[in-house]
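Worth knowing before you read on, the calculation uses all heavy atoms, side chains too, and leaves out hydrogens, waters and symmetry mates. In what follows, every chain begins at residue 1, and chains take the letters A, B, ... in the order their sequences are listed.
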There are 2 protein chains.
Amino acid sequence: MTAPQATPCKRVRNPQLHREAILDAALRTFAERGFEYATVREIAERAGVAHSSVLRHFGSKEQLFRMAVPGPWDVAEVAPGEPCMLPERIAAAYVGRMETLAGNDPYLALLRSAATDDCAATQIYLAMQDKSLEIYRSVSGGDAIHNQLPFLASLLIGVTFSRYVVRAGLLAEMTADQFAEHLGGSIRGVLFGTQAVQP
Amino acid sequence: MTAPQATPCKRVRNPQLHREAILDAALRTFAERGFEYATVREIAERAGVAHSSVLRHFGSKEQLFRMAVPGPWDVAEVAPGEPCMLPERIAAAYVGRMETLAGNDPYLALLRSAATDDCAATQIYLAMQDKSLEIYRSVSGGDAIHNQLPFLASLLIGVTFSRYVVRAGLLAEMTADQFAEHLGGSIRGVLFGTQAVQP
DNA sequence: CTCTTTAATGACCAACCGGTCATTAGCAGT
DNA sequence: ACTGCTAATGACCGGTTGGTCATTAAAGAG
């Protein structure tokens with residue numbers, strides 16, 4: 001019975017630290033569970049604060065979502081280079097990012113949340129898509145490719161869904177290198193291989 | 001005050017009819033809202049029964065989901081034909097199905113629900129994906145294509161997400177015909193256009 | 001008509017949600 | 001050491017959810 005609880009209810013008073021901890025926990029939780037399944041209480045627990053503190057800092061769950069999940073994406077750090085290798089560079093940038101951030105990527109939080117039609121998530125998601133399309137557009141040279149860019153975005157969405165959200169099936173079983181290689185081929189097909197059969 | 005309520009609480013007693021009405025309402029609701037946001041009470045209201053009747057008929061919300069949402073997919077009614085036009089036939093079959101069923105497609109129910117990590121939805125979703133991959137495999141001729149089939153599936157997932165779930169952006173603004181045409185090109189690229197640049 | 005069967009119902013429940021608020025306690029200024 | 005400010009807290013609230021159960025009333029059998 002002699003419970004030596006050294007810190008029964010030791011309060012720490014550090015707004016900025018807590019704020020950052022909450023934002024970090026929120027991003028991870030939203031990415032794992034999506035907006036609806038993520039609860040303020042779980043975010044608070046992960047951040048090591050009371051759930052009321054979370055609401056106090058950010059007002060509401062939705063405002064927290066907006067603050068925690070970065071909006072316009074900074075993904076497309078596609079290395080510059082010769083246009084003919086563009087698909088492989090896009091694939092490398094995408095796979096590199098997703099593999100390093102693992103399940104904590106805000107992209108996953110947006111994807112999961114947008115699927116359940118949460119309007120905030122959908123709006124942010126759209127903004128992100130426009131932004132990344134713009135970036136891809138500036139990187140890719142030809143005008144003819146531009147029409148295919150939405151399909152490139154869709155391919156990346158679907159691939160993300162299979163490999164990182166559902167986490168099962170053939171794409172999920174590949175190693176990162178295998179995945180990047182095949183993905184590069186598919187991206188190449190979407191961007192350049194749109195010619196019909198020639199007689 | 002003379003309320004002439006002819007049917008104050010007229011009960012109808014027809015198990016099979018109610019069962020079908022519930023299944024139909026469930027499919028629509030799951031497709032619109034996803035597993036989590038869909039409530040048993042709303043399904044019951046749409047079916048015109050009490051919410052307890054829904055639980056009585058199907059035991060639980062999850063069992064209802066399994067019964068209402070068709071598992072292995074019957075999608076790929078890809079018309080047979082010469083292999084060189086396969087992409088266009090796949091695009092036509094896909095767009096035709098999605099446009100006619102509008103928002104009631106079980107595919108949407110699965111996609112929305114799987115995104116929120118619901119395990120039942122994920123399992124059904126995987127089964128569906130395997131099934132459709134198998135169908136595509138039987139339709140497509142060459143062996144070299146098989147490696148690209150998961151990416152075809154992913155492309156369709158992403159495209160579905162953009163046009164029918166988020167319902168915004170460039171893909172959503174296209175007419176069905178425009179969409180089918182561009183999609184055919186992208187499918188062609190994924191399936192056949194994987195060759196690297198030739199010297 | 002009467003009785004039995006059972007589909008259908010509405011009241012009810014515990015659990016959990018996001019959000020509010022009075023209270024408590026750490027820290028800076030004096 | 002005292003005190004005011006306010007970050008942090010836990011108790012609490014109304015609402016909603018999936019699920020249970022005793023009660024009710026249609027439909028078939030005699």
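Between the CZ atom of B/R33 and the C1' atom of D/dT17 there is a distance of 15 Å, rounded to whole Å. B/L55 places its CG atom 13 Å from the C1' atom of C/dT9, with the value rounded to the nearest Å. Across the protein-nucleic acid pair, A/I22 atom CD1 and D/dA8 atom P stand 8 Å apart, rounded to whole Å. A/F30 has its CZ atom 12 Å from the C1' atom of C/dG18, to the nearest Å. Distance, A/Q16 CD to D/dA8 C1': 16 Å, rounded to whole Å. Computed from coordinates, the A/E45 CD to C/dG18 P distance equals 13 Å when rounded to whole Å. When the P atom of D/dA7 is taken as reference, atom CD of A/E20 falls 16 Å away, rounded to whole Å. The interatomic distance linking A/E36 (CD) with D/dT16 (P) rounds to 14 Å, in whole Å.
Note that CE of B/M98 is 4.5 Å distant from CG of B/L108, once rounded to the nearest 0.5 Å.
As judged by a 4.0 angstrom heavy-atom cut-off over every strand, A/T39 is placed among residues touching the sugar-phosphate backbone only. Among the protein residues, B/H57 comes within range of the sugar-phosphate backbone only, with heavy atoms under 4.0 Å from sugar or phosphate atoms but none that close to a base. Across all strands shown, A/A38 has heavy atoms under 4.0 Å from sugar-phosphate atoms exclusively, and none from any base.
Under 4.0 angstrom from either OP1 or OP2 of D/dA7 there lies no side-chain N or O belonging to A/H18.
Comparing B/R56 and A/V12 by the nucleotide of DNA chain D that holds the closest heavy atom to each, the one mapping nearer the 5' end is A/V12.
You'll find a donor-acceptor pair under 3.5 Å spanning the side chain of B/S52 and the base of C/dG10, going by distance alone.
For A/R41, whose side chain is taken as the heavy atoms from C-beta onward, the closest listed nucleotide among C/dA8, D/dT9, C/dC17 is C/dC17. Distances from the side chain of B/V40 to the nucleotides D/dA8, D/dG18, C/dG18 place D/dG18 closest. Distances were taken from every side-chain heavy atom of A/R13 (C-beta onward) to each of C/dG19, D/dT9, C/dC27; the shortest belongs to C/dC27. Comparing C/dA7, C/dA11, C/dT20 against the side chain of B/H51 picks out C/dA11 as the nearest. Of the candidates D/dA8, C/dG10, D/dA25, the closest approach to any side-chain atom of B/R11 belongs to D/dA25.
Taking the six-membered ring where tryptophan is involved, the planes of A/H182 and B/F151 are essentially parallel, since the angle between them stays under 30° and well short of 60°.
In this structure, B/E42 places its CD atom where more than 12 heavy-atom neighbours from other residues, nucleotides or ligands lie under 6.0 Å away.
Comment: A/E32 engages A/R46 in a salt bridge, judged by a side-chain N to carboxylate O separation of less than 4.0 angstrom. Ionic pairing of B/E62 and B/R66 is present here: one or more N-O contacts between side-chain nitrogen and carboxylate oxygen are shorter than 4.0 angstrom.
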